[in-house]
Peer 1: 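Take a look at this one; I'll ask things after.
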Amino acid sequence: MVVKTMLIGIVSFLVGAALTFVIKGRVNSRRAEEAEEEAEKIIRDARLRSENLLMEANVEAKDRLIKMKSEFDAETNETRMELKALDKRFNQKSEKLDRRQDQVEKLEKELAQREKQIDRDSEKLSESQVEYDGLISEQKRELEKISGMTSEEAKGLLLTAMENDARHDGAKLIKRITSEARESADKEAKKIIATAIQRYAGDFVAERTVSVVPLPNDEMKGRIIGREGRNIRALEAATGIDLIIDDTPEAVILSGFNPVRREVARLSLAKLISDGRIHPARIEEVVKTVEKEVDQTIKEAGDQAAFDLGVHGICNELIAILGRLKFRTSYAQNVLQHSVEVGFLCGVMAAELGLNVKLAKRMGLLHDIGKAVDHEVEGPHATIGANLAKKFGENPKIVQGIAAHHEDVAPESVYDLLVQAADSLSGARPGARKELLENYVKRLDDLEKIANSYKGVANSYAIQAGRELRVIVEGDVVRDEDAVVMSLDIAKQIEESLTFPGQIRVTVIRETRAVGYANK
């Protein structure tokens, strides 16, 4: 700025001088004087402007200097505070390390003392072991002299006698406990077994509780997760279903016990992937739309099932619950299709017996209605279904038939028995639950082979589509107590050797026949 100001002054001065020279050479003296005065005025103005510019430049330079000094002081103070904080943290960590070092030294001293004590105890134990071994050897020699048998022979004889006594006593104890348990806890056992088999069969949990959604590419996984996981959290909150995004290529797994919610989540995710817009607001919008579509699908499925069977007058709420069975499976068999099939079978058998066909069909259609909500309500599905039917005003005979189709309550009419028979026919026939005929026949053959491998078995028969194994034993070879043990042993071997759904009942049958002849 100073150099610029000086240049301006010099230029102004030269311009003034030039003007003065020209004016003096070309005009008269008066005009020359006026020009000279004008030039002097211009020079004065130029000098004055130069001085002002110089002053402004000095002031600006001082301001910038003051500002830079302030900034430097602020940075210095901040650095000084950081260094003080670091120094404080370093001192604290140093103190902690010192305390830990003291603790380690103390523990090392205690450990050394314990090691010395263990060494002393070990020496005493070795001495005692040597003395004990000597006494045992001496006792063995004395016993062998007295008994006239070696120690190995005596041990084998004793173990054999103890094993026989233990098996005999164990068989009697098992028989007594089984009888007492059957008398006192039969109802509770049925409830527990039904709940465990129908709702939580371990080998089939994955099949019944997960759905897989294919992805166009693995990049879509990142978009589904969203920034800091906001998209996946929004989808899980809106549907109530867990999303599992792992190393599975081009697929997302949906996990949940509610099949309807799982279907809503599957359709919603498929729509979001197809649309491409994935964010929390869009997720909530799509889920609400899909829920309406699924509700409509459920209503239509229930109406269609009732129409196919010719069953009319069912409450709309109960129809909606019935339609939810479309998304429920039992060992890969669709429960709604199974219910329709049971309804047809009940109707056919009722017609053959001259009974009320419509009542039988209605009972068969609604017999598994409890499975639509058994993940929300505690208890066996037969009891849940009976309560639902009663709530929505169904005939008491239908309520009883639903409750009794798995013998949670005792059958009271022929309709109850028809529902049981139709349910067994639909679920147990080969292929109904995705089982090939060859595998089905092989499983029955394997069951009979396992039973026939036991000593004293005369014949064995796999019945009830492999759900029960009846074993007939020879009465003069197998005692009553042994029959109890044999049933448990066969059941255990079946569990270890075969893979099967549900449970298999093993029944060992023993009879004694006395034959006499009268001759004349």
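Predicted, not measured: the structure shown is a model, and the values here were computed from it. Along the sequence shown, residues are numbered consecutively beginning with 1.
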Peer 1: Salt bridge (charged side-chain N to carboxylate O under 4.0 Å, His left out): which pairs involve residues 386-399, sequence neighbours left out?
Peer 2: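 Salt bridge (charged side-chain N to carboxylate O under 4.0 Å, His left out) check on residues 386-399 returns Arg362-Glu394.
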Peer 1: List the steps and the verdict of side-chain contact (heavy atoms from CB on, under 4.5 Å) for Asn356 and Lys358.
Peer 2: CA-CA 6 Å; Asn356 189 330; Lys358 291 186 177 180; 3.7 Å; yes
Peer 1: Is any side-chain heavy atom of Glu82 closer than 4.5 Å to one of Glu78?
Peer 2: yes
Peer 1: I need the Leu469 CG to Leu444 CG distance, nearest 0.5 Å.
Peer 2: 9.5 Å
Peer 1: Tell me, which pairs form a side chain to side chain donor-acceptor pair (under 3.5 Å) where one or both residues lie in residues 303-327, sequence neighbours left out?
Peer 2: Lys299-Asp303, Gln304-Asp308, Arg324-Glu376
Peer 1: Pair Cys346, Val419 - check side-chain contact (heavy atoms from CB on, under 4.5 Å), show working.
Peer 2: CA-CA 6 Å; Cys346 283; Val419 174; 4.0 Å; yes
Peer 1: Looking at Ala404, is its backbone amide N or carbonyl O close enough to the side chain of Gln420 to form a donor-acceptor pair, meaning the two atoms are under 3.5 Å apart?
Peer 2: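 Indeed, once roles are kept as given, a pair shorter than 3.5 Å links the two residues.
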Peer 1: Determine, stepwise, if the pair Asp368 / His405 fulfils side-chain contact (heavy atoms from CB on, under 4.5 Å).
Peer 2: CA-CA 9 Å; Asp368 268 345; His405 81 276; 3.3 Å; yes
Peer 1: Determine whether a donor-acceptor pair (N or O, by modelled atom type, separation under 3.5 Å) exists between the side chain of Ser339 and the backbone of Val335.
Peer 2: yes
Peer 1: Looking only at atom types and distance, does a side-chain atom of Asp482 sit under 3.5 Å from a main-chain N or O of Val478, one as donor and one as acceptor?
Peer 2: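 Absent.
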Peer 1: Within a strict 4.5 Å, meaning less than it, do heavy atoms of the His367 and His338 side chains meet?
Peer 2: yes
Peer 1: Hey, are Lys271 and Glu293 close enough for a salt bridge, meaning a charged N less than 4.0 Å from a carboxylate O?
Peer 2: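 Yes, this pair counts.
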Peer 1: Donor-acceptor pair, distance only, cut-off 3.5 Å: does the side chain of Asp87 make one with the backbone of Leu83?
Peer 2: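 Checked: no pair found.
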Peer 1: In Å and rounded to the nearest 0.5 Å, what is the CD1 to CZ distance from Ile118 to Arg114?
Peer 2: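 Those atoms lie 8.5 Å apart.
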Peer 1: So if I apply the side chain to side chain contact (heavy atoms under 4.5 Å, CB included) rule between Val252 and each of Ile232, Leu269, Ile225, which one comes out positive?
Peer 2: Leu269
Peer 1: For Glu228, does the CD atom sit with more than 12 other heavy atoms under 6.0 Å from it, leaving out its own atoms?
Peer 2: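 Incorrect, the count does not exceed 12.
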Peer 1: For atom CZ of Arg230, is the number of surrounding heavy atoms from other residues, nucleotides or ligands below 6.0 Å larger than 12?
Peer 2: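 Correct, the count exceeds 12.
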Peer 1: Would you mind checking if Lys492 and Glu495 are paired as a salt bridge, meaning a charged N to carboxylate O distance below 4.0 Å?
Peer 2: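 Not counted as a salt bridge, because no side-chain N and carboxylate O are separated by less than 4.0 Å.
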Peer 1: Do Asp275 and Arg282 meet the salt-bridge criterion of a basic N to acidic O distance under 4.0 Å?
Peer 2: yes
Peer 1: Using only atom types and a distance under 3.5 Å, with no angle test, would you say the side chain of Asn334 pairs donor to acceptor with the backbone of Gln337?
Peer 2: yes
Peer 1: Does anything in residues 90-101 form a salt bridge (charged side-chain N to carboxylate O under 4.0 Å, His left out)? List the pairs, not counting sequence neighbours.
Peer 2: none
Peer 1: Output yes when a side-chain donor or acceptor of Glu448 lies under 3.5 Å from a complementary backbone atom of Ala462, and no otherwise.
Peer 2: yes
Peer 1: Hey, does the side chain of Tyr454 reach the backbone of Val473 with a donor-acceptor pair shorter than 3.5 angstrom?
Peer 2: no
Peer 1: Take Leu325 and Leu322 through the test side-chain contact (heavy atoms from CB on, under 4.5 Å) and record every step on the way to the result.
Peer 2: CA-CA 6 Å; Leu325 294 176; Leu322 178 66; 3.8 Å; yes
Peer 1: With a 4.5 Å heavy-atom cut-off, do Leu267 and Glu263 have their side chains touching?
Peer 2: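 Yes, close enough: below the 4.5 Å cut-off.
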Peer 1: Give the C-alpha distance, both sets of side-chain angles, the deciding distance and a yes or no for side-chain hydrogen bond (donor to acceptor under 3.5 Å, both in side chains) between Ser255 and Asp242.
Peer 2: CA-CA 5 Å; Ser255 177; Asp242 295 328; 5.3 Å; no
Peer 1: Give, for atom CZ of Phe392 and atom CD1 of Ile314, the distance between the pair rounded to the nearest 0.5 Å.
Peer 2: 12.0 Å
Peer 1: Would you confirm whether Glu291, through its side chain, and Arg261, through its main-chain N or O, come within 3.5 Å as a donor-acceptor pair?
Peer 2: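 No, because the side chain of Glu291 does not come within donor-acceptor range (under 3.5 Å) of the backbone of Arg261.
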Peer 1: State the CD1-CD1 distance between Ile384 and Ile321, to the nearest 0.5 angstrom.
Peer 2: 11.5 Å
